[in-house]
Protein chains: 2
Amino acid sequence: MYLRALIGLAEDGTTTCSSEELAATAGVNSAKLRKDLSYLGSYGTRGVGYDVEYLRYQIAREIGVTHDWPVVIVGIGNLGHALANYSGFRSRGFRVVALLDADPTRHDEVVAGLDVRSFEDLESIVSDNDVSIGVIATPAVAAQAVADRMVAAGITSILNFAPSVLAVPEGVGVRKVDLSIELQILAYHEQRKAVAPGSEDAS
Amino acid sequence: MYLRALIGLAEDGTTTCSSEELAATAGVNSAKLRKDLSYLGSYGTRGVGYDVEYLRYQIAREIGVTHDWPVVIVGIGNLGHALANYSGFRSRGFRVVALLDADPTRHDEVVAGLDVRSFEDLESIVSDNDVSIGVIATPAVAAQAVADRMVAAGITSILNFAPSVLAVPEGVGVRKVDLSIELQILAYHEQRKAVAPGSEDAS
DNA sequence: AGGAGTTTGTGAACGGGAGAACAAAACGAG
DNA sequence: CTCGTTTTGTTCTCCCGTTCACAAACTCCT
């Protein structure tokens, strides 16, 4: 998030910024921002602030966006389709090297300039392209099997969009994004507002 | 998440479950699960466990999924397209009532059985359908303007997929989902593994 | 009926993140 | 050179979520 904010500031022509400004742009408290940055090193100048370009480079280096990360996406339904086309991945240093789907009827399609290939090709794609990150956009029932296969093929980080809990070996990273749970959280607060307008729930 | 897990158990024919089982299914600690459920009330039976159907209904009622929530999606690019078609929304009680885009060249399209309409129609759609939840799937530069317009139209909960911090008045709920930040977090841990294999960073 | 075995609900301890506050450092004016 | 101003880096404190541990409560078997 700080990197995003810094890129925005750089595009606006800002060369120097204080923790207060950067924190406001990123939407956090300035003390928290300074503490977070201090874990990376001491890249600010007291009395002056942070050099936007320098800090931007340091954060980018630290979090690894200087690399180009190859990614495979499994499950080319609606969501997989959108992820394959999502420009935010490319601009953040991620390169989608393959789209896989278990359904043979989808293997004719070309999505985002890539052939949709058979899930059976996973192992060769992973080893040929040195892929370490996989994205699961399948239905929930298939997610665990896909994850197992990914791990066996050598993938060590998984981004899971299926609404299921994945069991993976030690050392494999998993992050889960559940689109409808986010909406449910909003709906919950909406309901609270409607049930007890302006007052705390006491039942 | 607990509701998801309960639905899964119900589909498997399970009628009763212990906190231990449900916690394992949902991927959390059993003590945490019991404490979370205790905030809703005392719906379990000591020595027996929880009745799956009963608990399922109680959670559904509490979080508001018994309602049918109308939703508008603004920004019908790749992501908006996928969200409009995403079956997970419908099955969780959300109904997409309109798709809006500021680009007139997109107004011809029909996505997920709905016409893509002009962003100008926001106010009438919101009042006609009593919409309180809006989804922003626009580029980052447009997000704040869309949010302002949504708030003015009467929307009180916003799910933001654009990578920007939204400023909204008190009382308006905002949740942010940033797809590429999730990948960046995975890439960060990947880099750490590569730089210091099997050892802690000490620099 | 009574005891053994389970499982919930909750009080207490632990850990970690977030904000307030302050010392250290840099810069500029006189 | 010195003093005042600004802003970082860091410590201290507070608060909240998580986990442990145990009493209360329920079932089943004898």
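Hydrogens, waters and symmetry mates play no part in the numbers below; they use all other heavy atoms, side chains included. Order of the sequence lines fixes the chain letters, A, B, ..., with proteins taken first and strands second; residue numbering starts at 1 for each chain.
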Notebook entry, point to check: Atom CG of D36(B) and atom P of dG9(C): how far apart are they, to the nearest Å?
Noted result: 12 Å

Item checked: Nucleotide dG19(C), atom P - distance to CZ of R34(A) in whole Å -> 12 Å

Check: Between D51(B) (CG) and dC26(D) (P), how many Å, whole number?
Finding: 16 Å

Next item on the list: For N29(A) and for T45(A), locate the closest nucleotide of DNA chain C by heavy-atom distance; then report the residue assigned to the nucleotide nearer the 5' terminus.
Entry: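 Closest to the 5' end, via its nearest nucleotide, is N29(A).
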
Next item on the list: Return the value, rounded to whole Å, for the distance between atom OH of Y50(A) and atom C1' of dA26(C).
Entry: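 Going from OH in Y50(A) over to C1' in dA26(C) covers 14 Å.
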
Next item on the list: Taking only the side-chain heavy atoms of S18(A) (C-beta and beyond), determine which of dT7(D), dA23(D), dA20(C) contains the nearest atom.
Entry: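 Comparing dT7(D), dA23(D), dA20(C) against the side chain of S18(A), the answer is dT7(D).
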
Notebook entry, point to check: Could R4(A) and D178(B) be called an ion pair, given the rule that one side-chain N must be under 4.0 Å from one carboxylate O?
Noted result: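 The answer is yes: the pair qualifies as a salt bridge.
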
Next item on the list: Using heavy atoms to find the nearest nucleotide of DNA chain D for V48(A) and S38(A) separately, return the residue whose nucleotide is more 5′.
Entry: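 Nearest nucleotide further toward 5': that of V48(A).
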
Notebook entry, point to check: Can you tell me how far C1' of dT10(C) sits from CG of L33(B), to the nearest Å?
Noted result: 14 Å

Next item on the list: With DNA chain D as reference, determine whether Y39(B) or G47(B) sits nearer its 5' end, using the nearest nucleotide of each.
Entry: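 Mapping each residue to its closest nucleotide by heavy atoms, the 5'-most match is Y39(B).
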
Note to self: Measuring from the side chain of A31(B) (C-beta onward, heavy atoms only), which nucleotide among dA24(D), dC20(D), dA24(C) has the closest atom?
What the structure shows: dC20(D)

Checklist line | E20(A) CD - dT5(D) P separation (whole Å) | finding: 19 Å

Next item on the list: Starting at OG1 of T138(B), measure out to CD of Q144(B) and round the result to the nearest 0.5 Å.
Entry: 10.5 Å

Note to self: Can you tell me which nucleotide in dT8(C), dA18(C), dT19(D) comes closest to the side chain of S19(B)?
What the structure shows: dT8(C)

Item checked: Sugar-phosphate, base or nothing in reach of Y43(B), heavy atoms under 4.0 Å -> sugar-phosphate

Next item on the list: Looking only at side-chain atoms of S42(B), point me to the closest of dT27(D), dG9(C), dT7(D).
Entry: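 Nearest to the side chain of S42(B) among the choices is dG9(C).
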
Next item on the list: Find the distance Y54(B):OH to dT8(C):P and express it as a whole number of Å.
Entry: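 Interatomic distance, OH of Y54(B) to P of dT8(C): 15 Å.
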
Next item on the list: Side chain of K35(B) only, please: which of dA23(D), dT7(D), dG11(C) is the nearest?
Entry: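 The answer is dG11(C).
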
Check: Can you find a side chain N or O atom of K32(A) that sits less than 4.0 Å from OP1 or OP2 on dG19(C)?
Finding: no

Margin query: How long is the straight-line distance from CD1 of I158(A) back to CD1 of I136(A), given to the nearest 0.5 Å?
Written below: 5.0 Å

Note to self: Just the rounded figure in Å: distance from P of dG9(C) to CG of L37(B).
What the structure shows: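 Computing the L37(B):CG to dG9(C):P distance gives 8 Å.
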
Check: How many angstroms lie between CD in Q191(B) and CD in E62(A), if you round to the nearest 0.5 Å?
Finding: 7.0 Å

Checklist line | E123(A) with R149(A): basic N within carboxylate O range, under 4.0 Å | finding: yes

